[in-house]
Amino acid sequence: MNQEENFHQMLRDIIPKIQEARINVLKSEANLKKVFWIQLCQAKDDGERSYNAQKSKAEATEDYYKASMNVAVAKANLDALQTEKSAVDMQFEEWRTKMANLRVERSRYGA
């Protein structure tokens with residue numbers, strides 16, 4: 001397998017991971033919204049009359065905190081995978097530049 005195929009394989013390997021991470025972010029965000037609205041309804045049932053009081057109470061719960069942390073972790077994982085993909089892209093571009101320079105040298109010096 002040549003170097004170009006190695007770069008392509010590295011990209012093929014990382015794309016499904018990015019897709020899975022992106023889906024995980026969306027699921028985590030949906031879960032956060034679900035937890036928020038459940039906690040909001042519970043705050044209303046507990047007698048909080050204004051929306052701001054309900055919201056404050058909902059955001060102060062442990063369930064909301066855990067869901068928020070899950071979103072943060074999911075986004076961090078996605079960012080890490082996108083950074084890894086960018087690194088592979090940069091390595092590929094560097095390799096391409098080297099190959100182009102090598103072709104120019106060969107044509108210039110008749111090798």
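Positions are given from 1, in the same order as the sequence printed here.
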Reported NZ-to-CD distance for the pair K98 and E105, which is rounded to 0.5 angstrom: 12.5 Å
Quick check against the 3.5 Å criterion: does Q54 have a side-chain atom that pairs as donor or acceptor with the backbone of A43? no
Short N-O contact, K85 and D89, less than 4.0 angstrom: yes
Considering all heavy atoms of both residues, which atom of A58 and which atom of Q39 are nearest to each other, and what is their separation? CB-CB, 3.6 Å
Rounded at 0.5 Å granularity, tell me how far CD in Q82 sits from OG in S86. 7.5 Å
Give, for atom NZ of K44 and atom OG of S50, the distance between the pair rounded to the nearest 0.5 Å. 12.0 Å
So for atom NZ, which belongs to K75, do other residues, nucleotides or ligands contribute more than 12 heavy atoms lying within a distance under 6.0 Å? no
Between L78 and I18, is any pair of side-chain heavy atoms under 4.5 Å apart? yes
To the nearest 0.5 Å, atom OG of S56 lies from atom CD of E48 at 8.5 Å
Look at the side-chain heavy atoms of Ile, Leu, Val, Met, Phe, Trp and Tyr, link any pair under 4.5 Å apart, and say whether F36 and I38 land in one connected group. no
Pairing donors with acceptors under 3.5 angstrom, does anything connect the side chains of Q9 and D13? yes
Do you reckon L26 sits in the same ILVMFWY cluster as L81, going by side-chain contacts under 4.5 Å, direct or chained? no
Inspect the surroundings of CZ in R12 and state if more than 12 heavy atoms from other residues, nucleotides or ligands are less than 6.0 Å away. yes
Do the rings of F92 and H8 sit parallel, tilted or perpendicular, given the 30° and 60° boundaries? tilted
For residues Y64 and L32, report the shortest heavy-atom separation together with the two atoms involved. CE1-CD1, 3.5 Å
More than 12 heavy atoms of other residues, nucleotides or ligands under 6.0 Å from OH of Y51: is that the case? yes
Could you check whether atom CD of Q19 has more than 12 heavy atoms from other residues, nucleotides or ligands sitting under 6.0 Å from it? no
Side-chain contact test, heavy atoms from C-beta onward, threshold under 4.5 Å: evaluate it for N2 versus E5 and give yes or no. yes
If every non-hydrogen atom of S28 is compared with every non-hydrogen atom of N70, which pair is closest and at what distance? OG-O, 3.8 Å
Check step by step if salt bridge (charged side-chain N to carboxylate O under 4.0 Å, His left out) holds for K17 and E20. CA-CA 5 Å; K17 293 177 186 177; E20 184 179 323; over 6 Å; no
Which heavy atom of M10 sits nearest a heavy atom of V88, and at what distance? CE-CG2, 3.5 Å
